[in-house]
Amino acid sequence: MEYGICTQSAIAIRKENGHTSEMVSQLLYNELYTKLDEKPEWVLIRTEHDQYEGWIPAKQHHAINESEFLQLKDSKLFIVNQPVAHYKDKIVSFGTPLFEPAECAAEMPQAFQPQTMIDNARKLLGAPYLWGGRTVMGIDCSGFVQLCARSAGLLLPRDASQQINCGELVYFLQETQPGDLAFFGNENGAITHVGIIIGNEQIIHASGEVRIDYLDQTGIFNKERNLHTHQLVGVKRMI
């Protein structure tokens, strides 16, 4: 087995081995991965933190040996809690894991802290939406939730369709608490969106940009457009 670590601020993970292929996620600085396969100019990887698979350019692959991988895998993490920060010679984005204390980061909590997730989520208000994105320069709904959760001590899968399998179901909207995750779907029942409930019938989520909207039994209501933009499927409490 071969291993690697991201040494760039961010690396695009693509669905197929080509620059025109869809970006399905991003590696952030210091994130670990396993090398699964390779083709000319491309490497197939599986990320360690969420077991996500995709292709990265071979010239951005940075190999490490198994002992280095295992040591870093078991290291204490400090999560960047600012939208953008300078760390050594890198510009790093919110949610980036560090292996040592830094002014721009806080130690990852041992237990999930919902209020920390909400406080950090608010720091990203206005960040533009980008399919597959996981940085403040472009982030999608599930990447936003995943990174905010990690900063608060909770490791979640990458996609909303996977995240809905975590936690416990909250049956009634009036019983929700700040920090619960709300999931939304299309007419075919597929999970297509996720956001963080922040209380006062409001939700913070990435749709066009990271924004706060109202949440009711139907779904997300955008007051600016005077319509419901997402249909509510369910709410889960991450415990």
Side-chain angles (χ1 to χ4, degrees), residues 2-39 41-64 69 72-73 77 79-80 83-84 90-98 108 117 120-121 124 127-152 154-166 181 183-184 190-196 205-210 238:
E2 296 185 51
Y3 303 96
I5 186 172
C6 179
T7 58
Q8 310 285 322
S9 299
I11 296 175
I13 302 177
R14 300 196 179 276
K15 187 175 183 180
E16 303 293 345
N17 56 315
H19 289 291
T20 60
S21 179
E22 170 189 359
M23 184 175 77
V24 292
S25 192
Q26 289 175 308
L27 275 173
L28 300 184
Y29 180 73
N30 272 346
E31 288 185 334
L32 303 169
Y33 58 89
T34 301
K35 179 181 176 181
L36 303 177
D37 196 5
E38 61 182 324
K39 291 187 177 181
E41 301 185 11
W42 292 90
V43 174
L44 178 64
I45 68 164
R46 180 191 297 123
T47 58
E48 178 60 28
H49 65 280
D50 60 10
Q51 303 298 298
Y52 212 74
E53 295 185 10
W55 295 86
I56 65 171
K59 62 185 176 183
Q60 293 182 311
H61 167 56
H62 184 86
I64 57 175
F69 175 84
L72 292 173
K73 177 183 174 182
L77 293 182
I79 308 299
V80 173
V84 179
K90 299 293 181 184
I91 297 175
V92 292
S93 185
F94 171 82
T96 295
L98 305 179
M108 182 175 171
M117 178 172 68
N120 285 334
L124 301 187
Y129 180 90
L130 175 66
W131 180 272
R134 295 178 68 235
T135 79
V136 71
M137 299 308 296
I139 197 165
D140 64 21
C141 65
S142 57
F144 169 69
V145 169
Q146 184 191 50
L147 290 176
C148 292
R150 177 157 72 176
S151 75
L154 174 67
L155 295 178
L156 289 176
R158 175 63 179 86
D159 294 337
S161 59
Q162 301 167 318
Q163 294 171 358
I164 196 173
N165 296 320
C166 303
L181 303 185
F183 294 88
F184 308 85
I191 301 300
T192 58
H193 194 67
V194 61
I196 302 168
H205 63 128
S207 179
E209 63 180 351
V210 176
M238 303 295 135

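Keep in mind it's a predicted model, so treat the numbers as computed, not measured.
- For S151, the side chain to side chain donor-acceptor pair (under 3.5 Å) partners at least two apart in sequence or on another chain are N120.
- For Q51, the side chain to side chain contact (heavy atoms under 4.5 Å, CB included) test picks out R46, E48, with sequence neighbours left out.
- By the 30° and 60° cut-offs, the orientation of the rings of H205 relative to H193 is perpendicular.
- Side-chain contact between L155 and M108: present, with at least one pair of heavy atoms (C-beta onward) separated by less than 4.5 Å.
- Applying the side chain to side chain donor-acceptor pair (under 3.5 Å) rule to S25 yields the partners R158; only residues at least two apart in sequence or on another chain are considered.
- With sequence neighbours excluded, the residues satisfying side chain to side chain contact (heavy atoms under 4.5 Å, CB included) with D37 are L44, W55.
- To the nearest 0.5 Å, atoms CD1 (I196) and CE (M117) are separated by 4.5 Å.
- Here the straight-line distance linking atom OG1 of T7 with atom NE2 of H61 works out to 10.0 Å at 0.5 Å rounding.
- For the atom pair CE of M238 and CG of L154, the computed distance is 7.0 Å after rounding to the nearest 0.5 Å.
- Looking only at side-chain heavy atoms (C-beta outward), I56 and Y33 come within less than 4.5 Å of each other.
- Contact annotation: the side chain of I11 approaches that of P57 to within less than 4.5 Å [non-hydrogen atoms, C-beta and beyond].
- Residues satisfying the ring-ring contact (aromatic ring centres under 6.0 Å, His included) test with F183, not counting sequence neighbours, are none.
- Not a single donor-acceptor pair under 3.5 Å links the side chain of E38 to the backbone N or O of V43.
- Scanning all heavy atoms of the two residues, the minimum distance from L156 to A149 falls at CD1-CB, 3.7 Å.
- Using a 4.5 Å heavy-atom cutoff, the side chains of D159 and I191 are not in contact.
- For H19, the ring-ring contact (aromatic ring centres under 6.0 Å, His included) partners are W42, not counting sequence neighbours.
- When the shell of 6.0 Å around CE of M137 is examined, it contains 12 or fewer heavy atoms from other residues, nucleotides or ligands.
- Closest approach of G195 and V145 over heavy atoms only: CA-CG2, 4.2 Å.
- Sorted by first and then second residue, the salt bridge (charged side-chain N to carboxylate O under 4.0 Å, His left out) pairs with a member in residues 6-29 form an empty list; sequence neighbours excluded.
- Checked options I64, L72, L32; the residue passing with Y3 is I64 (criterion: side chain to side chain contact (heavy atoms under 4.5 Å, CB included)).
- Going from atom SG of C166 over to atom CG of L181 covers 8.5 Å, rounded to the nearest 0.5 Å.
- What you find for L124 and F94 is that their closest heavy atoms are CD1-CD2, 3.6 Å.
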**Request:** Would you please test D140 and Y129 for side chain to side chain contact (heavy atoms under 4.5 Å, CB included) and show each step?
**Result:** CA-CA 5 Å; D140 64 21; Y129 180 90; 3.6 Å; yes
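- Counting heavy atoms from C-beta on, the side chains of V194 and F144 never come closer than 4.5 Å.
- By the side chain to side chain contact (heavy atoms under 4.5 Å, CB included) test, P97 pairs with N30, E31, L77, I79, R150, sequence neighbours left out.
- In this structure E2 satisfies the salt bridge (Lys or Arg N to Asp or Glu O under 4.0 Å) test together with K35, sequence neighbours excluded.
- Distance check, rounded to the nearest 0.5 Å: CD of Q146 to CD of Q163 gives 6.5 Å.
- Remark: T47 pairs with I13, L27, I45, H49, D50, Y52 by the side chain to side chain contact (heavy atoms under 4.5 Å, CB included) rule, at least two apart or across chains.
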**Request:** Carefully, step by step, assess K90 and T96 under the rule side chain to side chain contact (heavy atoms under 4.5 Å, CB included).
**Result:** CA-CA 11 Å; K90 299 293 181 184; T96 295; over 6 Å; no
